[in-house]
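The chains referred to below are lettered A, B, ... by the order of the sequence lines, with proteins before strands, and numbering in each begins at 1. Note that the structure is predicted; figures quoted are calculated from it, not measured. Below, each value reflects all heavy atoms present in this structure, side chains not excepted, and no hydrogens, waters or symmetry copies.
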Amino acid sequence: DVKVTQSSRYLVKRTGEKVFLECVQDMDHENMFWYRQDPGLGLRLIYFSYDVKMKEKGDIPEGYSVSREKKERFSLILESASTNQTSMYLCASSLPRGRQETQYFGPGTRLLVL
Amino acid sequence: AQSVTQLDSHVSVSEGTPVLLRCNYSSSYSPSLFWYVQHPNKGLQLLLKYTSAATLVKGINGFEAEFKKSETSFHLTKPSAHMSDAAEYFCVAPKNYGGATNKLIFGTGTLLAVQP
């Protein structure tokens, strides 16, 4: 059974803190994605990775960075958290383009920045 | 530019009555299309997927969707709503940008409420 896990369900951080969100998938997928979800805006792509150590900016990368040192793990880093980064963060993974476009999602991390 | 439009942000139905969640897409070609469902405080789960094999697609939990190229629509339906169907539903299309990865375009979501 497909599984994508995220390290925390809820997180509370202070402005200026460095925040790490971890995502692990057990499906040997090449592609991994980080999204943020805000009411009325749907999901917006922050960063994605198509292979180990490879990454590309999504639609809203400002204020974020990512790390993919192992195939199964994709980390989202907020270098200096700000209140406008309060959101729900969703990780997803998939096989490469042309093989299977379905993305499988984790349960999400709800981040509150005070 | 490609886009996915969900025509209703909120839909409320009574248990046992039909569900219709509307989605229109804009694209210069016939895309793949997906519906995902998100239950409260959960991640997104694939409900069904259209990949040009058949215009009527059946998904999980009794949902289905029909791809209509002439109307550029991919509406989601269910004959009889159940309380457990209360969730947010997203219409999704792959982004045609020629890159190596399957980026997706998400609609803004439709929140379905089911009244007893």
Side-chain angles (χ1 to χ4, degrees), chain A residues 1-6 8-10 23-25 27 29-51 54-61 66 68 74 88-110, chain B residues 1-10 21 23-25 27 29-53 57 59-60 65 74 87-111:
Chain A
D1 201 16
V2 164
K3 197 161 185 183
V4 180
T5 57
Q6 295 183 230
S8 306
R9 294 300 304 276
Y10 301 94
C23 175
V24 177
Q25 51 95 2
M27 297 160 285
H29 283 170
E30 283 76 5
N31 297 332
M32 296 188 75
F33 306 82
W34 274 106
Y35 296 90
R36 63 176 284 175
Q37 181 180 18
D38 301 288
L41 297 177
L43 274 73
R44 293 178 291 168
L45 182 63
I46 304 171
Y47 265 98
F48 63 96
S49 167
Y50 51 90
D51 202 349
M54 307 303 287
K55 61 186 179 186
E56 276 194 35
K57 294 179 180 179
D59 300 317
I60 51 164
V66 290
R68 188 146 181 224
F74 192 36
M88 170 76 116
Y89 290 88
L90 291 165
C91 175
S93 72
S94 76
L95 288 169
R97 184 183 179 94
R99 287 182 58 187
Q100 173 62 269
E101 292 169 325
T102 303
Q103 291 187 16
Y104 297 90
F105 285 82
T109 296
R110 194 169 290 281
Chain B
Q2 285 178 277
S3 66
V4 173
T5 304
Q6 291 183 244
L7 298 162
D8 307 293
S9 58
H10 293 81
L21 305 182
C23 173
N24 286 100
Y25 70 94
S27 175
Y29 67 104
S30 296
S32 300
L33 289 163
F34 307 81
W35 276 98
Y36 279 84
V37 59
Q38 185 180 32
H39 287 93
N41 297 312
K42 296 287 179 67
L44 275 71
Q45 178 185 18
L46 181 68
L47 206 53
L48 51 80
K49 178 171 71 172
Y50 165 74
T51 56
S52 77
V57 184
I60 61 172
F74 190 56
E88 190 160 21
Y89 292 80
F90 292 92
C91 185
V92 183
K95 190 169 187 178
N96 180 34
Y97 75 113
T101 310
N102 51 336
K103 294 168 75 171
L104 299 177
I105 302 170
F106 287 82
T108 51
T110 298
L111 194 60

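- Nearest approach of B:Y36 to A:Q103, heavy atoms of both residues: OH-O, 2.8 Å.
- Only the side chain of A:Y10 comes within less than 4.5 Å of a heavy atom of chain B; its backbone N, CA, C and O stay farther away.
- Residues passing the ring-ring contact (aromatic ring centres under 6.0 Å, His included) test with B:Y89, sequence neighbours excluded: B:F63.
- By the side chain to side chain contact (heavy atoms under 4.5 Å, CB included) test, B:C23 is found to be paired with B:V4, B:W35, B:C91, residues two or more places apart in sequence or in another chain being considered.
- A distance of 4.5 Å separates CG in B:L104 from OH in A:Y35, rounded to the nearest 0.5 Å.
- Interface remark: B:L44 contributes backbone and side-chain atoms alike to the contact with chain A (heavy atom separation under 4.5 Å).
- For a residue to count as touching a neighbouring chain, one of its non-hydrogen atoms must lie under 4.5 Å from one of that chain's; by this rule B:Q38 touches chain A with the side chain only.
- When A:R9, A:Q6, A:R110 are compared by the number of non-hydrogen pairs under 4.5 Å with chain B, A:R9 comes out ahead.
- The residue among B:G109, B:G43, B:G107 with the most heavy atom pairs within less than 4.5 Å of chain A is B:G43.
- Neither the backbone nor the side chain of A:D38 comes within less than 4.5 Å of any heavy atom in chain B.
- Options B:V92, B:T108, B:L111 differ in how many heavy-atom pairs under 4.5 Å they form with chain A, and the most are formed by B:T108.
- Interface remark: A:L45 contributes side-chain atoms only to the contact with chain B (heavy atom separation under 4.5 Å).
- Contacts between B:E88 and chain A at a heavy-atom distance below 4.5 Å involve the side chain alone, from C-beta outward.
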